[in-house]
Chemist: 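Dropping the structure in here first, questions after.
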Amino acid sequence: MESNIAQLCGVVISQLEFSHKTYGEIFYTFVLGVERRSGYVDEINIMVSERLIYDMPPQINECMEIKGQVRTYNEIVNGKNKLNVVVFAKEIYHCEDFGYHENYIYLEGFLCKTPVKRTSPLGRDICDMMLAVNRMYNKSDYIPCIAWGRNAGYGQQLAVGTKLAVEGRLQSREYKKKLPDGSVELRKAFEVSLLKLEEVEEEWTEEETQEGGGE
């Protein structure tokens with residue numbers, strides 16, 4: 001089974017934007033809105049090759065189905081390092097909008113930072129984790145994850161280097177960041193909200209920590 005699976009179905013909510021060009025292949029990004037049962041819409045950044053959309057580029061308000069992987073890459077913004085989280089599309093389809101939205105993520109990777117347990121403003125237990133998921137060409141994607149309730153208590157006890165298999169959804173959320181000058185800036189975070197997690201029997205080698213970050 002693949003170690004990184006993303007399956008999404010939602011509505012396009014932004015125009016295509018040029019991202020980069022690699023070995024003659026052009027990549028674009030756009031934002032897909034995926035509605036939760038609560039009515040909240042997760043705004044997920046999609047990266048797609050021009051060869052997949054050259055004949056039918058995504059248009060705003062169109063319903064799209066996407067199969068791919070969660071990828072991360074670092075970007076310097078205002079002199080600081082920013083981790084960007086996207087879904088890299090391997091397959092992309094236009095579909096009829098019948099109100100069906102899907103947001104499914106499956107990952108297998110190694111816990112690469114000490115889990116941090118905290119309490120939400122509503123009193124729920126939360127545990128922040130970072131999962132290193134290997135991919136081809138000796139690279140890894142470092143994917144932020146968040147566990148809730150009983151899973152948060154379980155996640156807090158895990159050691160760095162533990163291999164996990166997790167299932168959940170990729171979510172976006174806005175938060176306020178207080179800056180050194182006292183002003184407050186509205187920012188957006190992306191993370192995999194975990195519904196299931198379990199340990200996988202495999203030891204973490206030193207080589208795992210040395211594989212490059214995702215791009």
Side-chain angles (χ1 to χ4, degrees), residues 2-17 29-48 58-72 82-109 115-131 133 141-155 164-177 185-198:
E2 290 186 41
S3 61
N4 189 333
I5 298 171
Q7 296 180 181
L8 306 174
C9 185
V11 176
V12 178
I13 58 176
S14 79
Q15 299 283 0
L16 277 179
E17 291 187 7
T29 59
F30 66 94
V31 179
L32 189 76
V34 183
E35 187 173 340
R36 303 182 195 174
R37 291 181 181 177
S38 65
Y40 181 87
V41 176
D42 288 303
E43 298 182 356
I44 299 173
N45 296 309
I46 308 297
M47 182 175 290
V48 60
Q59 303 292 329
I60 289 179
N61 294 327
E62 282 190 325
C63 186
M64 305 293 298
E65 181 181 356
I66 294 165
K67 297 181 180 181
Q69 296 182 332
V70 182
R71 297 277 180 90
T72 61
K82 177 185 177 184
L83 181 70
N84 289 305
V85 181
V86 304
V87 168
F88 182 83
K90 291 188 170 183
E91 300 176 39
I92 184 167
Y93 308 98
H94 294 261
C95 55
E96 297 293 332
D97 186 3
F98 295 115
Y100 170 73
H101 286 228
E102 180 182 19
N103 187 340
Y104 173 78
I105 305 296
Y106 174 84
L107 303 171
E108 281 188 22
V116 177
K117 188 179 177 184
R118 54 191 173 90
T119 303
S120 75
L122 298 178
R124 293 189 67 189
D125 288 335
I126 302 173
C127 186
D128 295 308
M129 296 183 283
M130 183 71 77
L131 213 59
V133 179
D141 293 292
Y142 297 88
I143 302 172
C145 300
I146 184 169
W148 306 81
R150 188 179 304 173
N151 283 337
Y154 174 70
L164 296 174
V166 305
E167 293 181 59
R169 70 168 187 267
L170 181 57
Q171 67 178 23
S172 64
R173 61 178 174 87
E174 292 186 337
Y175 67 98
K176 295 179 179 179
K177 174 71 173 180
E185 183 178 78
L186 189 63
R187 297 184 178 180
K188 185 171 288 186
F190 300 89
E191 61 214 352
V192 176
S193 179
L194 303 182
L195 300 177
K196 297 180 181 179
L197 71 158
E198 62 181 7

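Scope of the values below: all heavy atoms of this structure, side chains included, with no hydrogens, waters or symmetry mates.
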Chemist: Of all the heavy-atom pairs spanning G10 and V34, show the shortest one and how long it is.
Modeler: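 Closest heavy-atom pair between G10 and V34: CA-CG2, 4.3 Å.
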Chemist: R124: what forms a side-chain contact (heavy atoms from CB on, under 4.5 Å) with it, not counting sequence neighbours?
Modeler: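 With sequence neighbours excluded, R124 shows a side-chain contact (heavy atoms from CB on, under 4.5 Å) to S120, W148, given in chain and number order.
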Chemist: Specify the closest pair of heavy atoms between P144 and V85, including all atoms of both residues, with the distance to one decimal.
Modeler: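 Minimum heavy-atom separation between P144 and V85: CD-CG2, 4.1 Å.
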Chemist: As an exercise, state the distance from OH of Y106 to CD of E2, rounded to the nearest 0.5 Å.
Modeler: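 Those atoms lie 10.5 Å apart.
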Chemist: Report the distance from atom CD of E198 to atom CG of N151, rounding to the nearest 0.5 Å.
Modeler: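 Between E198 CD and N151 CG, I get 11.0 Å after rounding to 0.5 Å.
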Chemist: With the side chain counted from C-beta on, respond yes when P58 and V48 share a heavy-atom pair under 4.5 Å apart, and no when they do not.
Modeler: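 No, too far: nothing below the 4.5 Å cut-off.
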Chemist: Considering only heavy atoms from C-beta outward, does the side chain of Y40 approach that of S172 to under 4.5 Å?
Modeler: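 Y40 reaches S172 side chain to side chain.
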Chemist: Hey, could you give me the CG/CG distance between L197 and L107, rounded to the nearest 0.5 Å?
Modeler: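 The distance works out to 11.5 Å.
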Chemist: I need the minimum non-hydrogen distance between I13 and I60, along with the two atoms involved.
Modeler: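 Looking at all heavy atoms of both residues, the shortest contact is C-CG1, 4.4 Å.
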Chemist: If you apply the rule side-chain contact (heavy atoms from CB on, under 4.5 Å), what do you find for N103 with I44, and how did you get there?
Modeler: CA-CA 10 Å; N103 187 340; I44 299 173; 3.6 Å; yes
Chemist: Could you pull out the closest heavy-atom pair between V133 and S3, with the gap in Å?
Modeler: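 Closest heavy-atom pair between V133 and S3: CG1-O, 3.7 Å.
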Chemist: Between M129 and V166, is the side-chain contact (heavy atoms from CB on, under 4.5 Å) condition met? List the steps.
Modeler: CA-CA 11 Å; M129 296 183 283; V166 305; over 6 Å; no
Chemist: Please find the pair of heavy atoms, one from A89 and one from I66, that lie closest to each other, and give the distance.
Modeler: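 Minimum heavy-atom separation between A89 and I66: CB-CG2, 3.8 Å.
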Chemist: For C127 and G155, which heavy atoms make the closest approach, and how far apart are they?
Modeler: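 Nearest pair, atom of C127 first, then G155: SG-C, 3.9 Å.
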Chemist: Decide side-chain contact (heavy atoms from CB on, under 4.5 Å) for I146 and I126; before the verdict, give the C-alpha distance in whole Å, the side-chain angles of both, and the deciding distance to 0.1 Å.
Modeler: CA-CA 7 Å; I146 184 169; I126 302 173; 3.1 Å; yes
Chemist: Checking side-chain contact (heavy atoms from CB on, under 4.5 Å) for the pair L8/I46: CA distance, chi angles, key distance, verdict?
Modeler: CA-CA 10 Å; L8 306 174; I46 308 297; 3.8 Å; yes
Chemist: Sequence neighbours left out, what passes side-chain contact (heavy atoms from CB on, under 4.5 Å) with E185? Give chain and number order.
Modeler: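 Checked E185 against side-chain contact (heavy atoms from CB on, under 4.5 Å); matches are L179, R187.
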Chemist: Does the N45 side chain pair with the main chain of V86, one donor and one acceptor, at a distance under 3.5 Å?
Modeler: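 It does not hold such a pair.
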Chemist: Kindly compute the distance separating CZ (F190) from CG (D42), expressed to the nearest 0.5 Å.
Modeler: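 If I round to the nearest 0.5 Å, the distance is 9.0 Å.
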Chemist: D125 versus K117: any side-chain heavy-atom pair under 4.5 Å?
Modeler: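 When only atoms from C-beta onward are counted, K117 and D125 do touch, with a gap below 4.5 Å.
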Chemist: In terms of heavy-atom contacts, does NZ of K188 have more than 12 from other residues, nucleotides or ligands at under 6.0 Å?
Modeler: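 It does: K188 NZ has more than 12 such atoms within range.
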Chemist: Rounded to the nearest 0.5 Å, what separates atom CD in E91 from atom CD in Q7?
Modeler: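 That separation rounds to 9.0 Å.
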Chemist: Return the CD to CD distance between E108 and E167, rounded to the nearest 0.5 Å.
Modeler: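 One finds 10.5 Å between CD of E108 and CD of E167.
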